[in-house]
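Worksheet: the structure to be examined is printed underneath.
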Amino acid sequence: MKTALITGITGQDGSYLADFLLYLGYEVHGVVRRSSSINTKRIDHSFGRLHLHHADLTDSASLVSVLAKVHPDEVYNLGAQSHVRVSYDVPGFTHEATGLGAFRLLESLRTLGLTPRVYQAGSSEMFGGNEHSCCEFLSEECRFHPRSPYACAKVFAHHCAVNYREAYGMHVSNGILFNHESPRRGETFVTRKITRYVAEVFYNRADGPLKLGNLEAKRDWGYAPEYVCGMWRMLQQDRPGDYILATGETHSVREFLELAFQEIGEDYRAHITRDERLLRPAEVNTLLGDYSLAENTFGWRPMTHFAGLVKKMVQAELEDYERGLEEVWRFYHKD
Ligand code: NAP
Ligand code: G4F
């Protein structure tokens with residue numbers, strides 16, 4: 001039985017990766033950070049099967065302690081302050097957790113003399129958008145042009161991963177993942193914000209119009225469970241490397257809105273308003289990726305495309321909402 005350690009196990013990707021590794025028969029350990037309220041809802045369904053440890057990517061001593069205890073075969077560094085807009089509000093913390101956190105993890109492994117295979121969660125944000133590239137599709141060869149504190153931190157983490165690979169021969173791979181979404185997506189990312197609101201409209205619970213920022217931004221949006229399989233496949237290669245996972249399609253926030261509201265037979269234009277506070281000091285206008293290296297090396301390709309993703313997310317949201325309403329109804333009709 002292999003042992004894996006996941007930082008960021010309470011997040012969208014960490015929770016799907018934990019499900020997948022448990023399914024494969026791994027012993028799964030996860031790093032959780034102390035929070036004043038419980039935030040494990042994405043992993044509660046597997047609670048008894050997971051080994052959870054308190055630690056924090058901003059605290060080297062806590063990382064050393066967990067790594068020395070677990071001796072993992074594989075480490076997936078998914079922990080991060082991952083919200084691009086928020087990274088402008090808390091740039092220092094974003095650099096600490098998202099950038100230096102990766103360095104602390106690698107350096108802890110090196111000083112402990114541990115040699116697991118390591119996955120570093122890189123992002124398409126590191127490219128700053130197709131407008132900063134000479135290629136129609138962004139590939140592993142394209143230059144980075146980070147346009148937020150978050151993206152700067154990810155570029156730093158990426159280069160640390162390459163350096164530990166080259167300098168110390170460690171098996172460290174960088175995934176450069178384009179946006180991937182799901183019903184477990186954090187509620188302040190634009191896709192989930194929209195699908196939640198669509199469910200509120202459907203059940204007549206919307207409190208005023210939906211406030212959004214830039215509707216013209218385009219993203220290469222895939223389905224998160226497929227991307228975590230790609231992370232695992234990356235680490236099963238004899239040689240470490242850097243790989244893009246993407247769908248090869250790009251769509252605007254406006255298109256996402258159109259399709260999501262179509263699912264409930266409504267026109268999005270009647271339900272939204274623009275909020276300048278949601279604009280970013282520097283925007284990444286378009287992201288469109290080339291996943292051919294991953295496909296040719298380990299056979300990964302996306303299965304869910306844009307329309308299917310929107311449908312899945314809206315349907316899950318409606319079901320979730322209905323379950324919630326049923327629970328409230330049962331609570332008030334106990335007798
Ligand atoms: P997410 O839902 O925001 O989850 C982030 C996770 O990191 C959470 O478990 C969070 O814990 C944890 N975390 C935050 N600060 C930490 C700290 N100081 N120490 C330890 N853990 C900390 O993100 P995601 O969408 O699953 O993404 C996973 C990773 O892939 C992230 O590194 C993200 O930047 C990267 N990525 C994501 C995408 C995407 O489209 N989803 C694309 C490219 C790259 P709490 O639950 O306590 O907050
Ligand atoms: O959903 P978003 O916040 O995701 P963003 O900025 O693309 O970042 C996500 O994907 C990255 C991969 O490329 C990850 F590395 C990162 O961790 C994160 O998972 O915003 C998507 C687009 C942006 O252009 C934003 O300006 O939607 C636009 N947008 C318009 N209105 C909005 C809103 N974004 C958010 N979060 N909230 C809005 O109201």
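Remember, it's 1-based here, ligands and their atoms both numbered in the order they're listed. Below, each value reflects all heavy atoms present in this structure, side chains not excepted, and no hydrogens, waters or symmetry copies. Nothing fancy with the numbering, it's 1 onward along the sequence. Model, not experiment: these values are computed from the prediction.
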**Q.** Residues E125, R85: salt bridge by 4.0 Å N-O rule
**A.** no
Q) Can you tell me the protein heavy atom closest to atom 39 (O) of ligand 2 and the distance? A) K193 NZ, 2.8 Å
(Q) Would you say the ring centers of F144 and H158 fall short of 6.0 Å from each other? (A) yes
Q) For ligand 1, is any non-hydrogen atom under 4.0 Å from H180's backbone (N, CA, C, O), its side chain (CB onward), both, or neither? A) both
Q) What protein heavy atom is closest to atom 14 (C) of ligand 1, reported as residue, atom name and distance in Å? A) A80 O, 3.1 Å
Q: Report the part of R185 in contact with ligand 1, treating N, CA, C, O as backbone and CB onward as side chain, heavy atoms under 4.0 Å; options are side chain, backbone, both, neither.
A: side chain
Q: Tell me yes or no: between the side chains of E322 and Y203, is some donor less than 3.5 Å from an acceptor?
A: yes
Q: Examine N39 against ligand 1 and note whether any of their N/O atoms are separated by less than 3.5 Å.
A: yes
Q: Answer yes or no: does an N/O atom from V190 fall short of 3.5 Å to an N/O atom of ligand 2?
A: yes
**Q.** atom 17 (C) of ligand 1 [closest protein heavy-atom partner, distance rounded to 0.1 Å]
**A.** D56 OD1, 3.4 Å
(Q) Exactly one of T3, L52, I43, L50 should register a side chain to side chain contact (heavy atoms under 4.5 Å, CB included) with V28. Which one does? (A) L50
Q | Over 12 non-hydrogen atoms of neighbours within 6.0 angstrom of CZ in R110 | A | yes
Q | Polar atom proximity, T191 to ligand 2 (N or O, under 3.5 Å) | A | no
Q: Report the nearest protein non-hydrogen atom to atom 43 (C) of ligand 1: residue, atom name, distance rounded to 0.1 Å.
A: L177 O, 3.1 Å
**Q.** Check: W300 ring centre within less than 6.0 Å of Y227 ring centre
**A.** yes
Q) When you check the side-chain N and O atoms of Y76 and Q120, is any donor under 3.5 Å from an acceptor? A) no
Q. For atom 48 (O) of ligand 1, what's the nearest protein heavy atom and its distance?
A. R33 NH2, 2.8 Å
Q.
Is it the case that ligand 2 has an N or O less than 3.5 angstrom from some N or O of L287?
A. no
**Q.** Top protein contact for atom 2 (O) of ligand 1, by heavy-atom distance
**A.** Q12 N, 3.1 Å
Q. Any idea which protein heavy atom is nearest atom 44 (C) of ligand 1, and the distance to it?
A. G122 O, 3.3 Å
Q | ligand 1 contact by N179, heavy-atom criterion under 4.0 angstrom | A | yes
**Q.** Donor + acceptor pair across side chains of D238, H171 (<3.5 Å)
**A.** no
Q. How does R85 reach ligand 2, if at all, at less than 4.0 Å between non-hydrogen atoms: by side chain, backbone, both, or neither?
A. neither
Q: For atom 30 (O) of ligand 1, state which one of A121, G8, G11, A102 supplies the nearest heavy atom.
A: A121
Q.
Less than 3.5 Å apart, any donor N or O on the side chain of T304 or E226 sitting next to an acceptor on the other?
A. yes
Q. For atom 21 (N) of ligand 1, which of V86, T10, L57 has the closest heavy atom?
A. L57
Q: Tell me, with the steps shown, if H180 and Y223 meet ring pair (Phe, Tyr, Trp, His ring centres under 6.0 Å).
A: CA-CA 5 Å; H180 43 280; Y223 183 46; over 10 Å; no
**Q.** Per-atom contacts of ligand 1 with A97, taking only distances under 4.0 Å to non-hydrogen atoms
**A.** 18 (N)
Q: Can you sort out which atoms of ligand 2 are near Y150, meaning under 4.0 Å from one of its heavy atoms?
A: 14 (C), 15 (F), 16 (C), 17 (O)
Q: Please say whether more than 12 non-hydrogen atoms of neighbouring residues, nucleotides or ligands are located less than 6.0 Å from CD in E141.
A: no
Q | Which of the ligand 1 atoms, numbered from 1, are nearer than 4.0 Å to a heavy atom of S82 | A | 1 (P), 3 (O), 23 (O), 33 (C), 34 (O)
Q. What heavy-atom pair brings R185 and R42 nearest, and what distance separates the two atoms?
A. C-NH2, 3.8 Å
Q. Got a sec: does the CD of E216 have more than 12 other heavy atoms crowding it under 6.0 Å?
A. yes
**Q.** Side chain, backbone, both or neither: D13 near ligand 1, heavy atoms under 4.0 Å
**A.** both
Q: Select one of side chain, backbone, both or neither to describe which atoms of H83 lie under 4.0 Å from any atom of ligand 2, heavy atoms only.
A: side chain
Q: Identify, for atom 10 (O) of ligand 2, the protein heavy atom at the shortest distance, and state residue, atom and that distance.
A: N179 ND2, 3.0 Å
Q) Which of these, E283, M126, R280, has its nearest heavy atom closest to atom 20 (O) of ligand 2? A) R280
Q. Between H45 and D19, do the side chains contain an N or O donor and an N or O acceptor separated by less than 3.5 Å?
A. yes
Q. Does K154 have a heavy atom less than 4.0 Å from any atom of ligand 1?
A. yes
Q. Between H83 and Y150, does the ring centroid distance fall short of 6.0 Å?
A. no
Q) How close does the nearest protein non-hydrogen atom get to atom 34 (O) of ligand 1, and which residue and atom is it? A) Y150 OH, 2.6 Å
(Q) I'd like to check whether R185 has a polar contact with ligand 2, where a contact means an N/O of the residue lying under 3.5 Å from an N/O of the ligand. (A) yes
Q | Protein heavy atom at shortest distance from atom 29 (C) of ligand 1 | A | L78 O, 3.2 Å
